Amino acid sequence: MGKDTRLAIVIPCYNEEGLIPSTTDRLIELMNDLIQREKISSESYIYLINDGSKDNTWEEIKEACEKHQGRIKATKFSRNFGNQKALLAGMTGAHNIGCDALVTIDADLQQDETKIEEFVAKYDEGCKVVFGVRNDRKTDDFIKKSTALAFYKFMNILGVNIIKNHSDYRLVSKEALDVLEKFNETDLFLRGFFHEIGFKTGIVNFDVKPRMVGKSKFNLLSLTALAINGITSYSIVPLKMICVVGFICMLFAFITGLIVLYAKLVYNDSPNGWATAIILTSFFGGMQLFCLGIVGEYLGQIFREVKHRPRYLIEEEIL
Ligand code: UDP
Ligand code: MG
């Protein structure tokens, strides 16, 4: 509690050149203030994960480590592994270095960093995981906004309970990190995971600011990949749905067959029905391909998991 809480601020960084000095200075200032007011311990630190940046990010990180001796720690991936892997590495790394709780936040500080104090207050109240929930999506374009909404709706329909508009801005306590260590899925879907573990959770609402430097590292493709991973790693409802759809199609085909047979036997007008035949073949062809695709997604998920490859590779560390 309070001045005994060793807090780690975990930041994934990919091509964030130009942002590292201002972000680290700002967070050190914020941490100093919290330390002074005895909200967190003076042992608290910032932990940066360089996710295979191709620009000067790592040099800027090293400079920041020099400037704020011992208060900034960093890890460098050997290549880009994606934001979720960087977050995982950050959480595992901070857990190994030692912390009572950590807060993950983006390098562009789009999420209101002053709310870290509220996250810590919730932790002091006994919450083991605190979710940051965005107040609105003003800074997102129409496509990002509507696909995100559709995703959360779909996940809820599938029976996966994730809070709408919650982001990777969250506090995770040491206890939750202990549990995280036991889950060694390669493609762990963090937004689903922290709901599954069942610890006492809390919510902090925050506003999203526009990005100051650079541009968003996500596009529709990477967001779709994240969404599909979320679905296939937390729900097998699509697999079950295939059976139901397949059964209905079979029934439909059976009835159509009976009608066609009846027409043939009673009226003997067989050349008709070209259209029907083509529509039906293409309908079922399409349906089968669609179902195969869903099975394929799961197969891919299993494929990635059975290989049990390391989630990420670390090239360099500053601890
Ligand atoms: N990020 C990362 N690896 C990637 C893509 C992004 O570590 O492959 C980091 C990025 O540096 C930032 C955070 O993930 O700290 C969120 O990225 P961004 O701000 O581009 O996402 P958005 O705000 O558009 O959701
Ligand atoms: Mg951002």
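Keep in mind it's a predicted model, so treat the numbers as computed, not measured. Indexing begins at 1, ligand by ligand and atom by atom, following the structure's order.
Separation of the Phe199 and Phe194 ring centroids does not fall under the 6.0 Å cut-off. Taking the six-membered ring where the residue is Trp, the centroids of His195 and Phe131 are separated by under 6.0 Å.
Judged by distance alone, the side chain of Asp106 and the main-chain N or O of Asp108 form no donor-acceptor pair under 3.5 Å.
Put simply, Gln110 gets within reach of the Mg ion (ligand 2), with an N, O or S atom under 2.8 Å from it.
Close contacts between ligand 1 and Arg211 involve ligand atoms 18 (P), 19 (O), 20 (O) [criterion: under 4.0 Å to a heavy atom]. Close contacts between ligand 1 and Glu16 involve ligand atoms 10 (C), 11 (O), 12 (C), 15 (O) [criterion: under 4.0 Å to a heavy atom]. Against a heavy-atom cut-off of under 4.0 Å, Lys144 is close to the following atoms of ligand 1: 22 (P), 24 (O), 25 (O). Those atoms of ligand 1 with a heavy atom of Gln110 less than 4.0 angstrom away are 19 (O), 23 (O).
Looking only at protein heavy atoms, the nearest one to atom 14 (O) of ligand 1 is Asn83 ND2, 3.0 Å. From the protein, the heavy atom lying nearest to atom 5 (C) of ligand 1 is Lys217 CB, 3.5 Å. Protein heavy atom in closest approach to atom 3 (N) of ligand 1: Asp51 OD2, 2.6 Å. Phe218 CD1, 3.3 Å is the protein heavy atom nearest to atom 21 (O) of ligand 1. With respect to atom 22 (P) of ligand 1, the closest heavy atom belonging to the protein is Ser216 OG, 3.7 Å. For atom 8 (O) of ligand 1, the closest non-hydrogen atom on the protein side is Asn80 ND2, 3.1 Å.
Of the candidates Leu223, Asp108, Ile49, Asn219, Asp108 brings a heavy atom nearest to atom 19 (O) of ligand 1.
Looking only at N/O/S atoms, Asp108 comes nearest to the Mg ion (ligand 2) through OD2.
Ligand 1 lies nowhere less than 4.0 angstrom from a heavy atom belonging to Lys85.
Across Tyr298 and Ile231, no two heavy atoms sit closer than the pair OH-O, 4.1 Å. Residues Asp51 and Gly82 approach most closely at OD2-N, 3.0 Å, considering heavy atoms. In terms of heavy atoms, Tyr152 sits closest to His166 at OH-O, 3.0 Å.
Of the N or O atoms in Pro12, one or more lie within a sub-3.5 Å distance of an N or O in ligand 1. The distance criterion of under 3.5 Å between nitrogen or oxygen atoms is met by Ala107 with respect to ligand 1.
A perpendicular orientation is assigned to the rings of Phe193 and Phe183, their planes being inclined by more than 60° (bins at 30° and 60°).
Between Glu317 and Lys73 there is no salt bridge, since no side-chain N of the basic residue sits under 4.0 Å from a carboxylate O of the acidic one. Using a 4.0 Å cut-off between a side-chain N of Lys or Arg and a carboxylate O of Asp or Glu, Glu16 and Arg211 qualify as a salt bridge.
With values rounded to the nearest 0.5 angstrom, Thr57 atom OG1 is found 9.0 Å from Leu19 atom CG.
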